[in-house]
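Count residues from 1 along the sequence.
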Amino acid sequence: MISVKRRGAARLAAAVLASGLVAAGAIATAGPAAADETTPAHGGASATLDGLKTYGQAVLHANGRDQEIGAGLFEMKVDHGGILQTYCIDISTPTQQMAKYQEVPWSASSLHDNKDAGKIRWILQNSYPQVNDLASLAKKAGAPSLSEKTAAAGTQVAIWRFSDHVKVDAVDPAAEKLADYLEKSAQSLSEPEASLKLDPPAVSGKSGSKLGPVTVHTNAGSVTVSPAAGAPAGVKVVGADGKPVTKASNGTKLFFDVPAGTKDGAMSLTAQAATKVSVGRAFTGSVGRVKSQTMILAGSSESTATATATASWKKQGAAPAVTAEKDCAKGGVDVTATNKGDAPFRFQLSGKEHVIAPGKSETITVPVGEDQAYEITIKGEGGFTKTFTGVLDCKTAGTTPGKPSSQPSPATAGGSSSGTNGTTGGGDLAETGSSSATPVIAGVAVALVVVGGGAVFFLRKKKAGVTQ
């Protein structure tokens, strides 16, 4: 059997080329207007939920009643190759079948204000699947024995006690002993590093100069850098020394070298790496604009991580670069506009006009309700338009009446109650079985509406989905 690790590495070169071609069609020939973007452009691993695979049962005590729920490991398929295993860190939010997930920093997830986030990472590093010696783990927990299912269930229960601060117990006595041991032993650890990120994801300036820098942040040993196909003649991606760059590593600074006389325009680059995603990285997900339960990484095969950066330039006048980042601490989206031209950049956002002087930047926070789908459009002089879309996902759902049930069951998430039987994930992954086909879960969300030259936003709470 060919391992996932081999498949991920084998697909890397082809994925880089494919990503470059896609970027070329969307950006390489762009003028002042830009395509819509999902916010934020963190980069890293993106994956599709494949279901709850290795699990036992737990009981949630909330709102005066006891509810039995599934507890254990989910599996995700990484875009362009790789497998991830995750635990839930949002017990009362449903999962959406085939939800798309993106690696994000803790600051862009429900962990942003959780003082116990570091303890969750300790649990992940000191329990299943990172610890595959279940006999030794059982001994530490004071349990007679542990199977993969009971180890996964106990680990999930311990995580919920810190991620959601709920009263929850494992049904199996051995799993409950493991959960208690992990909860009592947990120590606070720092946030893990990103698999791959480009910062900032957009730069600008005048032709005849090097635009940047764009700094590479990664835990991979090597990163492949590819300019978009169809880039304007003479424009190159270079390093600090001015030499063309095709490979990079953590800390590398990249620049877009735009020769004098180049016609006003824009282009992009794609960075890609094959790496194991760090245990403890957060993943937020959705189907369209409907939120899916937030996850935290427990194990990774060698997987493909991708990030993009864009550059735009002008001979004269304003030269704007606009980026957006979810800001959970402020409850909204930070829109940052930078002007590297020689004239002021005037634009409209949230019904107000803003002016960025040459060489300056400004960050405006657009308030967005929790779980709300949003569409934020920036309109500037010269036909400049850029739109950011997404769903704000900064809090756990809690256990108050009216919230969706916590049930992460095979009925909606996929999986087999028989536990593990067959497929090797490779790397840090446990062995897991396949899932059965499940019904599609539908959800509806209304985006913010953009009116006239400015952006006037109307929020409407999304409807609760079918329970996970």
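Listed for the Lys326 side chain is a donor-acceptor partner under 3.5 Å among the backbone atoms of Val391. Between the side chain of Glu75 and the main chain of Lys53, no donor-acceptor pair closer than 3.5 Å is present.
In this structure, Val78 and Leu84 have side chains that are in contact, with non-hydrogen atoms separated by less than 4.5 Å. For the pair Trp122 and Ser188, the minimum side-chain heavy-atom distance is 4.5 Å or more. Taking the side chain as every heavy atom from C-beta outward, Glu370 and Cys394 approach each other to under 4.5 Å. Under the 4.5 Å side-chain criterion, counting only non-hydrogen atoms from C-beta, Ser195 is in contact with Glu103. Between Arg289 and Glu375 there is a side-chain heavy-atom pair separated by less than 4.5 Å. Taking 4.5 Å as the limit, every side-chain heavy atom of Phe256 sits out of range of all side-chain heavy atoms of Ser204. In this structure, Glu193 and Thr218 have side chains that are not in contact, with every pair of non-hydrogen atoms separated by 4.5 Å or more. Here the side chains of Leu254 and Thr252 are in contact, with some heavy-atom distance below 4.5 Å.
Asp133 has no carboxylate O lying under 4.0 Å from a charged side-chain N of Lys140, or vice versa, which leaves the two without a salt bridge. Between Asp116 and Arg161 there is no salt bridge, since no side-chain N of the basic residue sits under 4.0 Å from a carboxylate O of the acidic one. The residues Arg281 and Glu191 are annotated as salt-bridged, a charged nitrogen and a carboxylate oxygen being separated by less than 4.0 angstrom. With salt bridges taken as basic N to acidic carboxylate O contacts below 4.0 Å, none links Lys395 and Asp371.
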Walk me through it: do Gln125 and Leu189 pass the test side-chain contact (heavy atoms from CB on, under 4.5 Å)? CA-CA 10 Å; Gln125 291 188 336; Leu189 301 179; 3.2 Å; yes
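With no hydrogens or angles considered, no side-chain donor-acceptor pair links Lys77 and Thr48 at under 3.5 Å. Side-chain contact annotation: Asn219 with Thr275, donor-acceptor N/O pair under 3.5 Å present. No hydrogens or angles considered: nothing links the side chains of Ser268 and Thr310 as a donor-acceptor pair under 3.5 Å. Between the side chains of Gln272 and Thr306, at least one donor-acceptor pair of N or O atoms lies under 3.5 Å. Checked by atom type, the side-chain pair Thr224/Lys247 shows a donor-acceptor distance below 3.5 Å.
Residues meeting the side-chain contact (heavy atoms from CB on, under 4.5 Å) test with Asp327, sequence neighbours left out: Ala329, Lys330, Asp334.
Atoms OG and CG, on Ser163 and Leu111 in that order, are 8.0 Å from each other to the nearest 0.5 Å. Atom CD1 in Ile89 sits 9.0 Å away from atom CH2 in Trp106 (nearest 0.5 Å).
With Thr294 as reference, Asp393 is the one residue of Thr95, Thr284, Asp393 to meet the side-chain hydrogen bond (donor to acceptor under 3.5 Å, both in side chains) rule.
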